[in-house]
Amino acid sequence: MTETPLPSEVDVRGFLAGTVACHTEADLASKLKLSRPLRIKLGVDPSSPDLHLGHAVQLRYLRRLQDQGHLPVLIIGDATARVGDPTGRNATRPQLNAEQAAANAQTYLEQAGQVLDLDRAEIVHNGDWFDRMGFMDAIELGAFMTVARMLERDTFATRHAAGVPIGIHEFLYPLMQARDSVEVRADVEIGGTDQTFNLLVGRDVMRDAGLEPQVCVTLPILPGLDGVQKMSKSLGNAVGLKDPPTEMFGKVMSVPDAQMAEYFGLCTDEDPQRVETLLAGSPREAKAALARSITAIYHDEDAAARASAEFDRVFRDRGLPDEIPESELPTDLVEDDGAWIVRVLTHLDLAPSGSAARRLIKEGGVKVDGEKVQDEQARLSRGSHALVQVGKRRFHRVVVP
RNA sequence: GGGGGAAUGCCCGAGUGGUUAAAGGGGACGGGCUGUAAACCCGUUAGCUUAGCUUUCGUAGGUUCGAAUCCUACUUCCCCCA
């Protein structure tokens with residue numbers, strides 16, 4: 001018994017396309033009826049200066065709402081960054097100092113601007129209000145939460161059970177985030193599904209402040225390049241929005257096959273029909289299309305095409321990349337019979353230590369001018385130019401004085 | 001305040017006097033293969049011009065022919081009781 005959807009229901013569906021959950025749809029429907037731009041809050045902690053595709057999932061969603069006429073309210077969490085969001089952490093986060101937070105915030109905005117139109121967004125820093133609050137204000141905020149409720153959270157439950165310490169300040173984090181919602185009078189707050197608890201606390205705190213509770217919309221979490229854990233810079237499984245084209249392309253090529261569909265959906269604007277066709281075909285081709293599509297978003301079509309061509313050249317055909325760093329060896333590295341390969345490798349940072357360099361040679365991972373180096377004692381003769389290669393993808397041209 | 005426990009290599013984690021530079025796993029790196037920096041298989045994973053030497057198991061001392069393993073003090077952390 002399907003009924004004809006009311007106009008607001010249509011709006012709700014459009015609003016929520018691609019999201020995971022919404023608390024509550026009824027609230028959202030009534031907010032949409034206000035026929036004014038909704039204030040969409042996204043809180044970001046400048047804890048790490050580099051944004052990656054995981055952040056972009058949220059930014060891209062925000063961009064869509066922005067294009068529907070809503071107003072993104074970006075909260076730069078310079079205060080919250082100094083506390084550290086415990087979500088998903090099995091250890092207390094390092095607390096940032098004010099300068100680090102400020103510097104990170106700057107680069108954050110630069111990168112967010114690749115996705116969002118910052119001229120049509122409101123940007124605020126939560127230090128503006130938290131720095132003014134006194135200790136008693138914080139206590140009052142703390143009265144909002146019960147220890148039992150906090151301990152129900154998986155993050156804390158796990159840590160508590162494992163005997164990993166939990167700082168009191170970490171309990172305050174969700175309350176700070178909730179307080180932000182009051183300050184900016186958020187209509188809607190968005191975040192990853194792992195943020196559900198934090199988002200919902202905002203509803204309670206807003207209600208108490210005599211405001212309409214915000215609608216909480218959660219978005220899927222993008223898995224990292226390992227295909228298992230969530231994308232995160234500290235896990236080293238992230239594709240940075242600032243990554244140069246070839247690196248971005250290459251990293252996407254290392255996404256496990258099973259995650260391709262998810263990446264297409266969350267990171268690209270590709271038409272679902274086309275995606276289906278691609279996924280039905282050669283996985284190699286599909287992934288190349290994915291990599292190209294993503295690279296084009298953060299660079300341009302041209303750069304993506306070049307990155308794609310270079311990838312084929314370097315990895316499929318075992319050729320040389322476009323740009324190879326070049327440098328001249330310092331003279332103190334060069335002896336009468338030339339420059340010792342082990343020293344050259346460590347000097348160029350192609351190996352972290354002499355022992356590691358020797359190991360690489362033993363493993364057959366070092367080539368000079370395309371020839372595998374067999375002898376650890378090999379020298380690059382004086383006055384020569386040499387192309388040094390380690391593994392499949394690290395190249396360096398050196399001039400031996 | 002009282003009692004108990006823990007600190008090991010990039011991470012997790014075994015190891016309670018002697019082939020222990022330290023099991024196993026993860027990660028990373030290298031090789032092979034390929035459809036890619038997927039998957040799979042193999043190898044490497046402290047430093048040092050390396051058949052050898054030096055340093056490493058929270059810190060500082062001590063016992064011993066010999067210690068990550070025993071003792072003392074210190075530091076840090078966790079748990080339980082109050």
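Convention: sequence-line order gives letters A, B, ...; per-chain numbering from 1. Note that the structure is a prediction, hence the values are computed from the model and not measured.
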A side-chain contact here means heavy atoms from C-beta on lying under 4.5 Å apart; do A:Asn126 and A:Glu183 qualify? no
Side chains of residues 389-401 of chain A: which donor-acceptor pairs under 3.5 Å do they make with residues two or more places apart or in other chains?
| residue | atom | partner | partner atom | Å |
| --- | --- | --- | --- | --- |
| A:Gln389 | NE2 | A:Gly391 | O | 3.0 |
| A:Arg394 | NH2 | A:Leu350 | O | 2.7 |

With rounding to the nearest 0.5 angstrom, report the OG to CD distance, A:Ser293 to A:Glu301. 8.0 Å
I'd like to know whether A:Glu189 forms a side chain to side chain donor-acceptor pair (under 3.5 Å) with A:Gln195, so could you lay out the CA-CA distance, the side-chain angles of the two residues, the decisive distance to 0.1 Å, and finally the verdict. CA-CA 10 Å; A:Glu189 177 166 10; A:Gln195 286 290 315; over 6 Å; no
Basic-acidic side-chain contact under 4.0 Å: A:Asp67, A:Arg64: no
Taking only heavy atoms on the protein side, list every residue of residues 259-272 of chain A lying under 4.0 Å from any atom of RNA chain B, sorted numerically. none
A:Arg359 CZ to B:rA21 C1', in whole Å, measures 12 Å
Can you tell me if the side-chain N/O atoms of A:Arg358 get under 4.0 Å from OP1 or OP2 in B:rG30? no
Tell me which of A:Glu376 and A:Phe249 sits closer to the 5' end of RNA chain B, going by the nucleotide each one is nearest to. A:Phe249
Residues which pass salt bridge (charged side-chain N to carboxylate O under 4.0 Å, His left out) with A:Asp128, listed by chain and number, not counting sequence neighbours: none
Among residues 304-319 of chain A, which contact RNA chain B at a heavy-atom distance under 4.0 Å? A:Phe311, A:Phe315, A:Arg316, A:Arg318
Look at A:Asp312 together with A:Arg284 and state whether they make a salt bridge at an N to O cut-off of under 4.0 Å. yes
Provide the distance between the two P atoms, one in B:rG4 and one in B:rG9, to the nearest whole Å. 27 Å
Can you tell me how far P in B:rU55 sits from the matching atom in B:rA21, rounded to whole Å? 13 Å
For B:rA51 versus B:rG61, give the span between their P atoms, rounded off to a whole number of Å. 33 Å
Between B:rA67 and B:rU56, how far apart are the two C1' atoms, rounded to whole Å? 13 Å
I'd like to know whether CZ of A:Arg185 has more than 12 heavy-atom contacts from other residues, nucleotides or ligands below 6.0 angstrom. no
For atom C1', what is the distance between B:rA37 and B:rG31, given to the nearest Å? 15 Å
Using 0.5 Å steps for rounding, measure from the CD1 atom of A:Ile190 to the CG atom of A:Leu42. 4.5 Å
Under the criterion salt bridge (charged side-chain N to carboxylate O under 4.0 Å, His left out), which of A:Arg203, A:Arg36, A:Lys41 is the partner of A:Asp187? A:Arg36
Rounded to the nearest 0.5 Å, how far apart are OG of A:Ser232 and NE2 of A:His55? 8.5 Å
Once you round it to whole Å, what is the distance between P of B:rC11 and CG of A:Asn237? 18 Å
Ordered by number, residues from residues 282-295 of chain A within less than 4.0 Å of RNA chain B (heavy atoms) are A:Pro283, A:Arg284, A:Lys287
State whether the distance check finds a donor on one side and an acceptor on the other, under 3.5 Å, for side chain A:Gln377 versus base B:rU49. yes
Write down the distance separating the C1' atoms in B:rG5 and B:rA28, rounded off to the nearest Å. 33 Å
Check A:Arg179 with A:Asp137, please: is the shortest side-chain N to carboxylate O separation under 4.0 Å? no
Counting only side-chain nitrogens and oxygens, does A:Lys362 get under 4.0 Å of the OP1 or OP2 atom of B:rG31? no
Using whole Å, report how far CD1 of A:Ile361 lies from P of B:rU44. 17 Å
Please report the interatomic distance CE(A:Met253) to CD1(A:Ile294), rounded to the nearest 0.5 Å. 11.5 Å
Protein-nucleotide distance (A:Leu333, atom CG; B:rU49, atom P), rounded to Å: 12 Å
Not counting sequence neighbours, list each pair that qualifies as a salt bridge (charged side-chain N to carboxylate O under 4.0 Å, His left out) and has a residue in residues 252-266 of chain A. A:Asp257-A:Lys287
Length of the NZ-P vector between A:Lys251 and B:rA37, whole Å: 16 Å
Nearest-Å distance once atom C1' is located in both B:rA7 and B:rC74: 14 Å
Report the nucleotide, chosen from B:rU36, B:rU45, B:rG32, that has the shortest atom-to-atom distance to any side-chain atom of A:Lys372. B:rG32
Given RNA chain B, 5'-ward residue of the pair A:Pro256 and A:Gly365, judged by closest heavy atom: A:Gly365
Looking at residues at least two apart in the chain, or sitting in another chain, which of them share a salt bridge (charged side-chain N to carboxylate O under 4.0 Å, His left out) with A:Lys362? A:Glu376
Nearest-Å distance once atom C1' is located in both B:rG15 and B:rG25: 15 Å
What string of B, S and - do you get for nucleotides 24-29 of chain B, 5' to 3', when a contact is any protein heavy atom under 4.0 Å? -----S
Do A:Thr246 and A:Pro321 make a side-chain contact, defined as non-hydrogen atoms from C-beta onward lying under 4.5 Å apart? no
For A:Asp119, what residues pass the salt bridge (charged side-chain N to carboxylate O under 4.0 Å, His left out) criterion, not counting sequence neighbours? none
Decide if atom CD of A:Glu363 counts as having more than 12 heavy atoms of other residues, nucleotides or ligands within a radius under 6.0 Å. yes
Residues of residues 337-356 of chain A with a heavy atom under 4.0 Å from any atom of RNA chain B, listed by number, are A:Trp340, A:Arg343, A:Ser353, A:Gly354, A:Ser355
What class does the angle between the rings of A:Phe15 and A:His70 fall in, given that below 30° is parallel, 30 to 60° is tilted and above 60° is perpendicular? perpendicular
In dot-bracket, 5' to 3', how would RNA chain B read with Watson-Crick or G-U wobble pairs under 3.5 Å, [ ] for crossing ones and | for pairs to another strand? ((((((((.[[[..)..(.....]]]((((((.......))))))(((...)))...[[[[[..)....]]]]]))))))).
Taking only residues two or more places apart in sequence or in another chain, which ones pass salt bridge (charged side-chain N to carboxylate O under 4.0 Å, His left out) with A:Glu247? A:Lys251
Distance check needed: B:rA38 P versus A:Asp226 CG, whole Å only. 12 Å
